[in-house]
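Letters A, B, ... mirror the listed sequences (proteins, then strands); counts begin at 1. Fair warning: this is a prediction, and the values are worked out from it, not measured in the lab.
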Protein chains: 2
Amino acid sequence: MVKLKDIAETTGYSITTVSRALAGYKDVSEATRRHIVDIALSMGYQPNAVARQLRSQKTDTIGIIIPAHDSRFSDDFFSELLMGIGYAAAHNGYDLLVSAQTSSDEMSAYQRIVGGNRVDGVILARTRRSDPRIAYLKEVGIPFVVSGRAAPDEPSDFPYIDADSQQGIYAATRHLIQLGHRNIGIVLPPLDIAFTPYRLMGYQRALLEANLPYEQANVTYGDLRRFGGQQAAHALLTQRPQLTAIVACNDAMALGVMQAVESLGLRVGADIAVTGFDDISVAEYATPPLTTVRQPIQEIGQRLVEMLVHIIHRQPLEHPQTLLSPTLIVRQSCGAKQS
Amino acid sequence: MVKLKDIAETTGYSITTVSRALAGYKDVSEATRRHIVDIALSMGYQPNAVARQLRSQKTDTIGIIIPAHDSRFSDDFFSELLMGIGYAAAHNGYDLLVSAQTSSDEMSAYQRIVGGNRVDGVILARTRRSDPRIAYLKEVGIPFVVSGRAAPDEPSDFPYIDADSQQGIYAATRHLIQLGHRNIGIVLPPLDIAFTPYRLMGYQRALLEANLPYEQANVTYGDLRRFGGQQAAHALLTQRPQLTAIVACNDAMALGVMQAVESLGLRVGADIAVTGFDDISVAEYATPPLTTVRQPIQEIGQRLVEMLVHIIHRQPLEHPQTLLSPTLIVRQSCGAKQS
DNA sequence: CTGTTAGCGCATTCAT
DNA sequence: ATGAATGCGCTAACAG
């Protein structure tokens, strides 16, 4: 690799002058500047980013740590978020450093990346209850933004973007109620996920508002993946035959719910209504479900990056905390069966 | 951030000794080593990765550049590959640096990342005809592996993993022929993608083998996304009403094909058979298509990382070039209509 | 306008 | 067993 030193030797100027010429400083004569730039170009000079980082104490890189592959979660969300963040980072002049946590120690990846000065800021996704990662980032004082709020009983004292999942599940449930359904099941995400309580609250609120009883037996939990939704719905439908509708808490689980419905010889959209909420949209599913409801998570990634860049540059945030309103999509209305 | 210097001052030893104690060198007395390690731990010492990289001339990082968002491609592939690579990298002690190319200059991202010494190796995906990126990586001499071969008329003189798409499309087409179909259309990817000719060849070979004529009019091109498949199939079915089957060249386009079929009042799996090939599986589609054929791309990412790590460590590769054999999945057999 | 000097944090000689 | 000195490649303060 050709270095400043090489250009200095070729041109006869000092390393300093070369550096300043390339950086476009004013105090270099136009003639020498052009000369140096020409030589640098012809030699294929590429500045050593690592040396620059060490010197300038900034990396122009943002970091994201993806959680250990625990097979509990759909990775669709993460992979799509990654892409969105990658594009947005590039667009803002940043690279993206991705680190996966080895299952051993959860915090070690954060300490290595953040403590090792590898990034200027961090994006954290999928918050959990009393999330130690957030505590660490706060303590260290590195700029960070979060995809997802804290759980309802904890302070969300950090910049975030989150879906208004309470409102989303409320809308999904209310939609079913308005169609005449009275026995509505729900497949929730695992309890340690920060957004789960919000979703349960949305479900409960819709029932309460309609004077329908909240029954624990109508609530199950799935692992956010299709199979989890299928298992949960299968159990639910088997044990609670009176159910005429099911709310799923993300797109993948909704597909699983549909599979369970069909595997029991029932028809989605006819015998059992299925609604789902994912990110920012609420949808009623039907067969064939050629389209799923997932909204572009990439946009969320983009907004997160823009927020983070603002923080890194110490520019004020207009909206440090954003709740995305759910959108209702109804493709086919499935009223309750007459019984 | 606490540095070696800080630990040196606290313990009274020199920076050198602290460094060696922490690195576990033999020539430090066990007593001082323990002492230093204790202090380092209590002070929360985290080595500065950037300084290390500069000093050691290695980054323990692998890079991947994702192409500009040109809306022509499904990003599913990339995002999933990213995840797989991220996990595998972590598992092998590497971080992953993701950089998106800004649409302006295609090569600039490569020059910045590779020439800037930011990574020890690179993973390249989705090869194109006479791909300049591969030429650059070869020229610079950095370790790299590729997802995808070169086009048939170019040398694939680099380590790669690729799906045997000729075989895959051949199997898909032959399957349809065996079911009695005689008029089979195909939706190909864009022509500048390196694997497109292989897929066309597979289609042609199956026709030839069955003494069926190859007709240009039965061939269309889609942009690898669902909408592209839909547009292509719509045109195909409108202009060639005699078609009873369509082969799609990836999963997303297959879904689009199905949408087109249904939008024309036809039934998938009854009026029109749809098969698809994606990554390593061939499948016949049916309605409702609750399951798609895509195989875990993450595994491919994992194998790519392992290959790359071998190259970086100058260990020999057992299989520098891998073609993944397609797997045939038949869910429902749809013979040709009697006409 | 240009060159000399210093230092980012670390690991590795080479002395002692 | 330990410390002093050196340099990775670059930028910036400070001369001249």
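The residue Asp27(A) sits close to a base: some heavy atom pair falls under 4.0 Å. Looking at heavy-atom distances under 4.0 Å, Leu4(B) makes contact with sugar-phosphate atoms alone, never a base. Across all strands, Ser56(A) comes closer than 4.0 Å to no nucleic acid atom at all (heavy-atom distances).
Judged by distance alone with a 3.5 Å cut-off, a donor-acceptor contact links the side chain of Arg20(A) to the base of dG3(C).
Here Arg52(A) reaches the OP1 or OP2 of dT11(D): one of its side-chain N or O atoms lies under 4.0 Å away. Distances shorter than 4.0 Å separate some side-chain N or O of Ser29(B) from OP1 or OP2 on dT2(D). Residue Ser19(B) places none of its side-chain N or O atoms closer than 4.0 Å to OP1 or OP2 of dT12(C). The phosphate of dT12(C) has OP1 or OP2 within less than 4.0 Å of a side-chain N or O from Tyr25(B). At the phosphate of dG9(C), OP1 or OP2 sits under 4.0 Å from a side-chain N or O atom of Gln57(A). For dA4(D), the OP1/OP2 oxygens have no side-chain nitrogen or oxygen of Tyr13(B) closer than 4.0 Å. OP1 or OP2 of dT2(D) has not a single side-chain nitrogen or oxygen of Thr17(B) nearer than 4.0 Å.
In this structure, the side chains of Tyr110(A) and Leu124(A) come closer than 4.5 Å at one or more pairs of heavy atoms. Considering only heavy atoms from C-beta on, Arg112(A) comes within 4.5 Å of Asp95(B) through its side chain. Side chains of Asp153(B) and Arg129(B) form a contact here, defined as non-hydrogen atoms less than 4.5 Å apart.
As rounded to whole Å, 16 Å separates atom P of dC1(C) from atom CZ of Arg34(A). Note: NZ (Lys5(A)) to P (dT11(D)) measures 16 Å, nearest angstrom. Atom-to-atom, CD of Gln53(B) to P of dC8(C) comes out at 18 Å; the value is rounded to the nearest Å. To the nearest angstrom, C1' of dT5(C) lies 11 Å from CZ of Arg55(A).
Heavy-atom contacts from other residues, nucleotides or ligands closer than 6.0 Å to NZ of Lys138(B) number more than 12.
Comparing Ile15(A) and Thr16(B) by the nucleotide of DNA chain D that holds the closest heavy atom to each, the one mapping nearer the 5' end is Thr16(B). Mapping Leu54(B) and Val18(A) onto DNA chain C via the closest heavy atom, the residue that lands nearer the 5' end is Val18(A).
Nearest nucleotide to the side chain of Lys3(B), out of dC10(C), dA4(D), dG9(D): dC10(C).
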